[in-house]
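Proteins get letters first, then strands, A, B, ... in listed order; numbering begins at 1 in each. All values below were derived from every heavy atom in this structure, side-chain atoms included, with hydrogens, water molecules and symmetry-related copies excluded.
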Number of protein chains: 2
Amino acid sequence: MEGSTVSGSQDGQIALPRRAPSQQRSRERVERMLAAASALIAEQGSDAMRMGEVAERAGVSIGSLYQFFPDKRAIIWALAERYTAESQACISAALADVIDAEGLRRAFSELVDIYYRLFLASPVMRDIWSGTQADKALRELELADSRANADFLTAVLKRLRPAADPAALETTAFLIWQMGEATMRLAISVERQEGDDLVAAYKRMALRELVSE
Amino acid sequence: MEGSTVSGSQDGQIALPRRAPSQQRSRERVERMLAAASALIAEQGSDAMRMGEVAERAGVSIGSLYQFFPDKRAIIWALAERYTAESQACISAALADVIDAEGLRRAFSELVDIYYRLFLASPVMRDIWSGTQADKALRELELADSRANADFLTAVLKRLRPAADPAALETTAFLIWQMGEATMRLAISVERQEGDDLVAAYKRMALRELVSE
DNA sequence: TTGCAAATGTGAGGAAAACTCATGTTTTCA
DNA sequence: TGAAAACATGAGTTTTCCTCACATTTGCAA
């Protein structure tokens with residue numbers, strides 16, 4: 001997924017693909033563009049991020065920016081894709097070797113904490129996933145990511161409850177995961193104390209659903 | 001709340017307030033503007049809604065539009081405000097006379113169904129609440145609305161469980177309500193069947209939290 | 001090495017849409 | 001009835017995204 005700077009779709013239209021950097025030089029420049037975008041998003045949010053500013057800060061021309069990214073959304077999408085790849089690896093690892101209810105309880109609890117800290121600490125991630133709903137490509141990326149993550153959870157549940165209806169387990173896992181993401185978004189947009197309480201309440205609610213039933 | 005076309009804030013800045021219509025003529029024109037905006041959002045989504053198109057369809061000039069709405073977001077905000085006012089009345093009524101667990105179960109279940117149908121049926125509402133996260137003023141309106149709605153739920157819970165910690169009940173009610181909204185947004189963005197399943201799963205999960213504990 | 005094609009780089013300028021403002025018209029009301 | 005306040009107008013300004021014609025650099029085969 002490293003070289004895939006071809007962007008996603010927008011408004012249901014597939015954006016024109018752009019050249020992927022093939023030379024060392026251009027690969028480094030693309031990195032600089034992404035770093036610049038990331039910094040600007042952290043400072044002012046992706047909405048206020050200006051393409052001209054990204055180019056200037058990356059030390060490239062506006063034309064070069066558009067050489068590798070078909071539009072503004074594609075830059076944000078590329079950053080989002082990196083985050084999802086990272087977090088999926090982390091989640092997969094955390095849930096892979098869960099074999100009993102107690103293990104699930106511990107792994108899930110830790111996972112929620114890690115995610116929450118990640119959200120609190122990374123303004124870029126916060127910003128990107130806030131805007132998720134408004135952008136079709138991002139929404140789809142997030143949905144795909146969420147499904148993938150939920151699948152790890154589904155696998156655990158199927159292991160723990162072989163008798164249960166698999167489709168129901170899938171629905172449950174997906175819903176719990178989505179609710180987790182919603183809770184995170186909510187938690188970071190309110191006072192810190194209330195956010196903590198909400199995350200704790202979510203954890204309790206989710207665990208009740210996951211380990212008993 | 002009828003004459004408050006003064007808009008909310010954006011990006012943390014308070015938008016310049018505009019004149020509220022005081023004459024019959026202008027009140028009718030503002031209605032036409034809102035109706036035109038609503039129709040355009042239903043057709044193409046709020047992102048694709050053009051101010052010029054709103055003005056044209058309302059039969060007014062672009063200048064008149066900006067006479068009463070400081071910016072594009074203010075129009076969307078005004079529509080959102082109407083929806084929240086309507087739905088709050090409905091929710092309040094549904095939960096007002098719940099006196100036992102069984103009553104809560106029935107009222108809540110019905111409420112979720114009504115909300116889901118509303119989301120499915122109203123493209124404008126769908127669109128507006130989808131974009132919620134990206135717009136600060138809308139997010140705040142939604143948060144305030146959600147808190148108000150959760151308060152009705154809190155009141156019921158306090159009645160049913162006088163011994164429980166009030167703060168915990170508030171957190172639970174707020175979280176359940178927010179999760180409900182998140183579930184709705186999710187449900188309408190996937191296949192109909194899966195959406196139904198997700199809403200059903202949410203209902204079950206929420207009720208378990210609400211009536212037992 | 002040379003030379004050419006592909007890849008990369010550039011920034012002035014086109015395009016689209018939000019929003020302003022100087023000016024004109026209608027309503028209100030003392 | 002007349003003046004002030006409210007309302008209406010739309011050409012024009014601004015802002016931002018993005019394109020494109022042309023220049024430069026790199027990879028590589030002869």
Side-chain angles (χ1 to χ4, degrees), chain A residues 3 5-7 10-11 13-34 36-37 40-41 44-77 131 134-135 137, chain B residues 3 5-7 10-11 13-33 36-37 40-41 44-78 131 134-135 137:
Chain A
T5 37
V6 285
S7 97
Q10 62 159 348
D11 264 359
Q13 307 272 354
I14 306 288
L16 299 173
R18 288 298 142 99
R19 202 191 305 275
S22 75
Q23 302 176 359
Q24 177 70 16
R25 172 180 52 148
S26 52
R27 250 175 280 130
E28 282 167 5
R29 298 179 110 237
V30 166
E31 280 311 308
R32 287 218 305 281
M33 294 172 202
L34 286 173
L40 285 168
I41 291 173
Q44 341 161 336
S46 56
D47 228 52
M49 178 187 90
R50 304 292 164 220
M51 294 300 268
E53 228 175 331
V54 173
E56 188 185 16
R57 193 175 289 210
V60 304
S61 69
I62 185 75
S64 285
L65 202 52
Y66 281 95
Q67 188 92 225
F68 300 102
F69 299 97
D71 55 31
K72 184 176 169 179
R73 288 168 158 177
I75 294 190
I76 295 167
W77 196 89
D135 183 319
Chain B
T5 37
V6 284
S7 96
Q10 62 161 346
D11 265 358
Q13 308 272 354
I14 307 289
L16 299 171
R18 288 297 141 100
R19 201 193 305 274
S22 74
Q23 304 175 357
Q24 177 70 16
R25 171 180 54 147
S26 52
R27 251 176 279 131
E28 282 168 5
R29 299 179 109 237
V30 166
E31 281 311 308
R32 288 218 305 280
M33 296 173 201
L40 285 168
I41 291 172
Q44 341 161 337
S46 56
D47 228 54
M49 178 187 90
R50 304 293 163 222
M51 294 300 268
E53 229 174 331
V54 174
E56 188 184 18
R57 194 177 290 210
V60 304
S61 68
I62 186 75
S64 285
L65 203 51
Y66 282 94
Q67 187 94 225
F68 300 102
F69 300 97
D71 55 31
K72 185 175 169 178
R73 289 167 158 178
I75 294 189
I76 296 167
W77 196 88
D135 183 319

Comparing B:Lys72 and A:Met33 on DNA chain C - which has the more 5′ nearest nucleotide
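Result of the comparison: A:Met33.
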Please identify each residue that fulfils side chain to side chain donor-acceptor pair (under 3.5 Å) with [X], with sequence neighbours left out.
X: B:Gln44; answer: B:Glu53
X: B:Arg25; answer: B:Gln23
X: A:Glu56; answer: none
X: B:Arg32; answer: none

If the cut-off is 4.0 Å, is A:Arg27 near the phosphate of C:dA7, judged by side-chain N/O to OP1 or OP2?
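No, because none of the side-chain N or O atoms of A:Arg27 sits under 4.0 Å from OP1 or OP2 of C:dA7.
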Are any of A:Ser22's side-chain N or O atoms less than 4.0 Å away from OP1 or OP2 of C:dT8?
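Yes, within the criterion.
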Let me have a per-nucleotide readout for nucleotides 21-30 of chain C, 5' to 3', with B, S or -, counting only protein heavy atoms under 4.0 Å.
-----SS---
Is the backbone N or O of B:Phe68 less than 3.5 Å from a side-chain atom of B:Arg19, with the two atoms forming a donor-acceptor pair by type?
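No; judged by distance alone, with no hydrogens or angles, the pair does not exist.
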side-chain contact (heavy atoms from CB on, under 4.5 Å) between A:Met33 and A:Ile75: does it pass, once the steps are laid out?
CA-CA 9 Å; A:Met33 294 172 202; A:Ile75 294 190; 5.7 Å; no
Using a strict heavy-atom distance below 4.0 Å, which residues from residues 49-62 of chain B are in contact with DNA chain D?
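Result for residues 49-62 of chain B: B:Val60, B:Ser61, B:Ile62, sorted by number.
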Would you mind listing every salt bridge (charged side-chain N to carboxylate O under 4.0 Å, His left out) that reaches into residues 60-70 of chain A, with sequence neighbours excluded?
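Non-adjacent pairs meeting salt bridge (charged side-chain N to carboxylate O under 4.0 Å, His left out): zero.
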Nucleotide nearest A:Asp71 when distance is taken to its side chain, options C:dT10, D:dC18, C:dT8:
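Closest nucleotide to the A:Asp71 side chain: D:dC18.
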Regarding A:Ser64, tell me which of base, sugar-phosphate or nothing describes its non-hydrogen contacts under 4.0 Å with the strands shown.
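Answer is base: heavy atoms of A:Ser64 come under 4.0 Å of a base.
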Sequence-distant partners of A:Arg50, salt bridge (Lys or Arg N to Asp or Glu O under 4.0 Å), two or more places apart:
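Testing A:Arg50 for salt bridge (Lys or Arg N to Asp or Glu O under 4.0 Å), a comparison that skips the adjacent residues, returns none.
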